[in-house]
Novice: 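There's a structure below that I have some questions on.
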Amino acid sequence: MGDSLPRSCLRTSGSGSGPPRPCGTRTSPISSCCSCQRLEPHLRDWHERGGFGNSHPPGQIAPRDFMFERQGTVVATCGLPSGGVCHRGERRGYVPYPSQVIESMTEGELRRTPTAPLTVSDHNSWIVRIAINRAHSIGRREGRVLPLSSAEAAVDPSRFDTHGLWITPPEYFVEDAEDRVVAGLLLERIRSSLDNLPESQRQVVTLRDVEGLDSKEVCRLLEISEANQRVLLHRGRSRLRQDLETKFGRVQ
Amino acid sequence: MFRRQRELACQQAVELVTDYIEGYMSRADRRRFEAHLSSCPRCTAYLAQMRSTIQLTGRLRSEELPTEVMDELISLYSQWRAASS
């Protein structure tokens, strides 16, 4: 089991949620693998030196080698010490992004990547941490203000009377959220609603409520002021709630 | 009359929900907000829905996010990368 063994190209055609279908091209040395040629030189060196274990349990991903896969499509392969294919074709190796991120990383950063098997979630957090550290290293532009529309209200003003009291109160939609079917539908809706948010709101809501970063981290990452972050978060969440109500709400 | 003017209207209260959830309010504003909730089941329901929305959003896993969302995060990273090099 050494680096001298021939390796198999895992490049796949198309994209999708399923496991990649190896093209089966045997490649030796690995640098002749077509997908590897897309790598920057320092990554190609690292790639050629690479030797990765393949004993990671299902649900976990091998450190580093996940980095070249994206959305079910292997954009570059690396370190297949056994030269095998099947064990790499399993779900465990996927994370939905960061090939572009990794391709732009320095060798030093690559060296500091986690060395133990991590969950996909762990890796996502790690990528975000790197991004935050980068933001630190180039300095913050405190007080940067994004243009915000002052017209956007959390709730359509027509739902209130002239005294600001509800005319059309919120409709119920979440009492069955623990029901697996309903929860699945709600999640699906949330996902598409998130996708439809304005970019700045989507970024803040994603970082805060999906990635779980705190407000200070988000401000640093996006280089926005705390006040901006609050407004964007409020508007983004309000839109998501409204979308759920529109789709699932019913008057009680 | 003076007291009534200081009471929150529902339309104002819904704009303060995130500040309330995030703990951004002063103690006085918080008391005022909670006083409104205590007499307004509709705004109480609205607050509960916002909490549920946040909870649901938190159930999304990063790998399930739309491609566009992840592309934005990657783009952010790339910008920092470019700015720092």
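The shown structure was predicted, so the numbers you read here are calculated from the model rather than taken from an experiment. Computed over heavy atoms, backbone and side chain alike; hydrogens, waters and symmetry mates excluded. Residue numbers begin at 1 in each chain, while the letters A, B, ... track the order of the sequences.
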Novice: State the CD-OG1 distance between A/Gln229 and B/Thr18, to the nearest 0.5 angstrom.
Specialist: 9.5 Å
Novice: Is there a donor-acceptor pair closer than 3.5 Å between any side-chain N or O of B/Gln49 and the backbone N or O of A/Glu171?
Specialist: yes
Novice: Rounded to the nearest 0.5 Å, how far does CZ of A/Arg237 lie from CZ of B/Arg51?
Specialist: 10.0 Å
Novice: Relative to chain B, which segment of A/Arg159 carries a heavy atom at a distance below 4.5 Å: side chain, backbone, both, or neither?
Specialist: neither
Novice: Measure the shortest side-chain to side-chain distance between A/Leu244 and B/Leu56 over non-hydrogen atoms and say whether it is less than 4.5 angstrom.
Specialist: yes
Novice: With rounding to the nearest 0.5 angstrom, report the OG1 to CZ distance, B/Thr53 to A/Arg239.
Specialist: 14.5 Å
Novice: Do you know the tightest heavy-atom contact between A/Arg230 and B/Tyr24?
Specialist: CG-CE1, 3.2 Å
Novice: Does any backbone or side-chain atom of A/His234 lie under 4.5 Å from a heavy atom of chain B? Answer side chain, backbone, both or neither.
Specialist: both
Novice: If I take atom CG from residue B/Leu60 and atom CZ from residue A/Arg191, how far apart are they, to the nearest 0.5 angstrom?
Specialist: 5.5 Å
Novice: For residues A/Pro169 and B/Tyr46, determine if any side-chain heavy atom of one lies less than 4.5 Å from a side-chain heavy atom of the other.
Specialist: no
Novice: B/Glu15 side chain to A/Ala153 main-chain N or O, any donor-acceptor pair under 3.5 Å?
Specialist: no
Novice: Quick one: CD1 on A/Ile190 to OG1 on B/Thr57, what's the gap to the nearest 0.5 Å?
Specialist: 3.5 Å
Novice: Any chance you could measure B/Cys10, atom SG, to A/Ile167, atom CD1, to the nearest 0.5 Å?
Specialist: 10.5 Å
Novice: Could you tell me which portion of A/Ser193 (side chain, backbone, both or neither) has an atom closer than 4.5 angstrom to a non-hydrogen atom of chain B?
Specialist: neither
